[in-house]
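Below is one structure, written out as structure tokens; the observations come after it.
In the text below, chain A, chain B and the rest are named by the order of the sequence lines, each starting its count at 1.
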Protein chains: 2
Amino acid sequence: MTETRKLLMDAAEANIRQKGYNAVSFRELADDLGIKSASVHYHFRKKEDLGLALITRYSERFFQTLAQNTFEAATAREKLTGFCETYRQALVSSDSICLCGMLGAESCGLPEAMTTKVAGFFTANIAWLENAFPSHWPSADKQSRAGQVVATLQGAMMLATSTGNPLWFRQTATHLIEDVMGP
Amino acid sequence: MTETRKLLMDAAEANIRQKGYNAVSFRELADDLGIKSASVHYHFRKKEDLGLALITRYSERFFQTLAQNTFEAATAREKLTGFCETYRQALVSSDSICLCGMLGAESCGLPEAMTTKVAGFFTANIAWLENAFPSHWPSADKQSRAGQVVATLQGAMMLATSTGNPLWFRQTATHLIEDVMGP
DNA sequence: GTCTATAAGATGATAGAC
DNA sequence: GTCTATCATCTTATAGAC
């Protein structure tokens with residue numbers, strides 16, 4: 001992958017995660033890199049192409065980091081802690097919410113292909129958690145608990161950034177782990 | 001309040017809650033009502049004025065509905081259930097997320113006055129919950145649990161709408177009440 | 001790969017007629 | 001209150017030169 005393409009995606013991801021998909025323009029991204037908007041169109045023919053590439057890269061990165069964070073996790077509790085930690089890193093490293101959390105909120109106003117990909121990110125999150133939970137749990141419980149975890153962490157990122165208080169995330173994640181796994 | 005002004009706010013709220021603040025234009029709202037965009041500017045001089053009016057009205061409505069839903073609530077559990085039910089109604093009646101959840105996600109890209117008002121909605125939510133929880137709880141617990149509740153419900157709305165599956169909200173809310181209040 | 005130039009349309013906003 | 005007319009600006013996107 002080209003260096004410029006990478007820098008464009010970095011700038012786009014950062015901006016979208018802070019302001020939303022519709023608040024980011026090719027001109028703005030071009031200015032960030034010191035090039036012209038026509039050059040951005042060389043790397044991404046349409047804005048939707050950029051959006052799709054961002055979701056793909058974000059998702060791959062997320063599951064890579066998740067794998068690293070749970071490499072030594074033996075118990076379900078350790079796996080869930082690693083999952084929460086992966087979300088926390090995404091929040092802290094960029095001081096902004098999850099890319100798919102933002103796009104999920106804007107879902108109805110996005111190109112359909114993007115909507116589908118974002119939903120795929122969430123179902124993959126849920127599937128990972130279902131697999132991480134103790135195998136003796138009823139599968140209905142594993143599913144509903146997985147949804148609860150994703151929902152809680154996504155909401156906690158939003159609450160933490162919009163109020164400017166990262167404590168809301170940390171406290172919520174701590175409660176969540178205890179609530180789901182027991183004391 | 002004028003009828004047109006009310007209809008404009010209805011259209012704006014519905015559209016923003018589905019697509020986000022930056023995806024909604026005065027022209028679009030005007031078309032919805034069969035008037036011209038210049039007429040929209042008569043009712044709301046700037047877009048920001050419309051945004052602020054929407055947050056105010058949404059917040060007032062929310063706390064009115066919340067009061068109705070918890071009018072007969074005697075226990076903390078019943079109050080929390082009424083709180084979750086108020087969120088559920090907002091989701092089901094419009095098939096879209098909370099206005100402040102959307103604006104909270106887009107927070108960094110909004111006029112500062114809007115950002116402040118949105119944060120105020122969340123802190124008011126949290127304050128209501130802190131007051132609803134059993135008085136014998138340590139205040140740090142009341143605060144962190146209140147944040148957890150708001151974060152969870154906001155995230156659950158986003159997850160439910162973006163995946164098109166309202167079950168994620170219902171299951172999550174059910175777990176949440178049990179987790180916070182005990183079995 | 002990046003540029004200039006350009007198109008076609010959207011957007012927030014205003015002035016002034018009715 | 002609503003309209004027409006208009007504005008400057010922004011947006012996505014393309015064609016073709018370098």
Side-chain angles (χ1 to χ4, degrees), chain A residues 1-55 57 99 102-103 106-115 117, chain B residues 1-55 57 99 102-103 106-115 117:
Chain A
M1 179 160 64
T2 325
E3 175 69 7
T4 304
R5 185 181 163 95
K6 184 200 168 297
L7 292 174
L8 274 174
M9 290 180 72
D10 291 344
E13 183 185 317
N15 278 287
I16 291 176
R17 286 174 66 181
Q18 282 192 16
K19 306 180 296 182
Y21 182 77
N22 289 301
V24 177
S25 71
F26 272 31
R27 253 190 188 72
E28 185 190 354
L29 300 175
D31 288 347
D32 281 4
L33 268 72
I35 57 176
K36 296 295 168 180
S37 76
S39 306
V40 181
H41 280 280
Y42 167 80
H43 295 279
F44 301 97
R45 219 184 141 261
K46 294 190 301 170
K47 193 181 178 184
E48 179 181 351
D49 296 336
L50 170 58
L52 291 170
L54 286 178
I55 302 170
R57 189 184 70 161
L99 176 69
M102 177 66 84
L103 298 178
E106 295 177 305
S107 222
C108 302
L110 300 178
E112 199 184 325
M114 287 182 65
T115 309
K117 275 212 139 193
Chain B
M1 180 161 64
T2 325
E3 175 69 5
T4 303
R5 185 181 163 95
K6 184 199 167 299
L7 292 173
L8 273 174
M9 291 179 72
D10 291 344
E13 183 185 316
N15 278 288
I16 291 175
R17 286 174 67 181
Q18 283 191 18
K19 306 180 297 183
Y21 182 77
N22 290 301
V24 176
S25 72
F26 273 31
R27 261 185 182 73
E28 184 190 355
L29 299 175
D31 288 348
D32 281 5
L33 269 72
I35 58 176
K36 296 295 168 182
S37 76
S39 305
V40 181
H41 279 281
Y42 167 80
H43 295 278
F44 301 96
R45 218 183 141 261
K46 294 189 301 170
K47 194 181 178 185
E48 179 181 350
D49 297 335
L50 169 58
L52 291 170
L54 286 178
I55 302 170
R57 189 184 70 162
L99 177 68
M102 177 66 84
L103 298 178
E106 295 178 304
S107 220
C108 302
L110 299 178
E112 198 184 325
M114 288 182 64
T115 308
K117 274 212 138 192

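Here CG of B/Asn15 is found 5.5 Å from CG of B/Asp32. Values are rounded to the nearest 0.5 Å. B/Lys36 contributes atom NZ, which lies 14.0 Å from atom NE2 of B/His41 (distance to the nearest 0.5 angstrom). The structure places OG of B/Ser107 at 13.0 Å from CE of B/Met102, a figure rounded to the nearest 0.5 Å. Taken from CG in A/Leu110 to OG1 in A/Thr115, the straight-line distance is 5.0 Å, to the nearest 0.5 Å.
Side-chain contact between A/Leu54 and A/Leu103: absent, with no pair of heavy atoms (C-beta onward) separated by less than 4.5 Å. Side chains of B/Leu50 and B/Phe26 form a contact here, defined as non-hydrogen atoms less than 4.5 Å apart. Counting only heavy atoms from C-beta outward, the side chains of A/Glu13 and A/Arg57 approach each other to under 4.5 Å. The closest side-chain heavy-atom distance from A/Ile35 to A/Leu29 is not below 4.5 Å.
When the nucleotides D/dG1, C/dA13, D/dT14 are ranked by their closest atom to the side chain of B/His43, D/dG1 comes out on top.
Across all strands, A/Phe26 comes closer than 4.0 Å only to sugar-phosphate atoms, never to a base (heavy-atom distances). Using a 4.0 Å heavy-atom distance criterion, B/Val24 is classed as a sugar-phosphate-only contact.
Both the sub-6.0 Å distance and the 45° axial angle are satisfied by B/Lys47 relative to the ring of B/Tyr21.
Note on the helix from C/dG1-D/dC18 to C/dC18-D/dG1: terminal axis deviation equals 10°, with five pairs used at each end and the result rounded to 10°.
Near DNA chain C, meaning a heavy atom under 4.0 Å away, there are no residues from residues 2-21 of chain B.
Distance B/Lys47 NZ to C/dA10 C1': 12 Å, rounded to the nearest Å. One can place CG of A/Leu33 at 14 Å from P of C/dG1, the figure rounded to the nearest angstrom. Taking atom CG of A/Asn22 as the reference point, atom P of D/dT11 lies 11 Å away to the nearest angstrom. Following rounding to the nearest Å, B/Leu29 (CG) and D/dT2 (P) show an atom-to-atom distance of 14 Å. When the P atom of C/dA13 is taken as reference, atom CG of B/Leu50 falls 10 Å away, rounded to whole Å. What separates CD of B/Glu48 from C1' of C/dG12 is a distance of 13 Å, to the nearest Å.
With salt bridges taken as basic N to acidic carboxylate O contacts below 4.0 Å, one links A/Glu28 and A/Lys19. For A/Arg27 and A/Asp31, the salt-bridge test fails: no basic side-chain N is under 4.0 Å from an acidic carboxylate O.
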Output one letter per nucleotide in nucleotides 3-10 of chain D: B when a protein non-hydrogen atom lies under 4.0 Å from the base, S when only the sugar-phosphate is that close, - when neither is. BB------
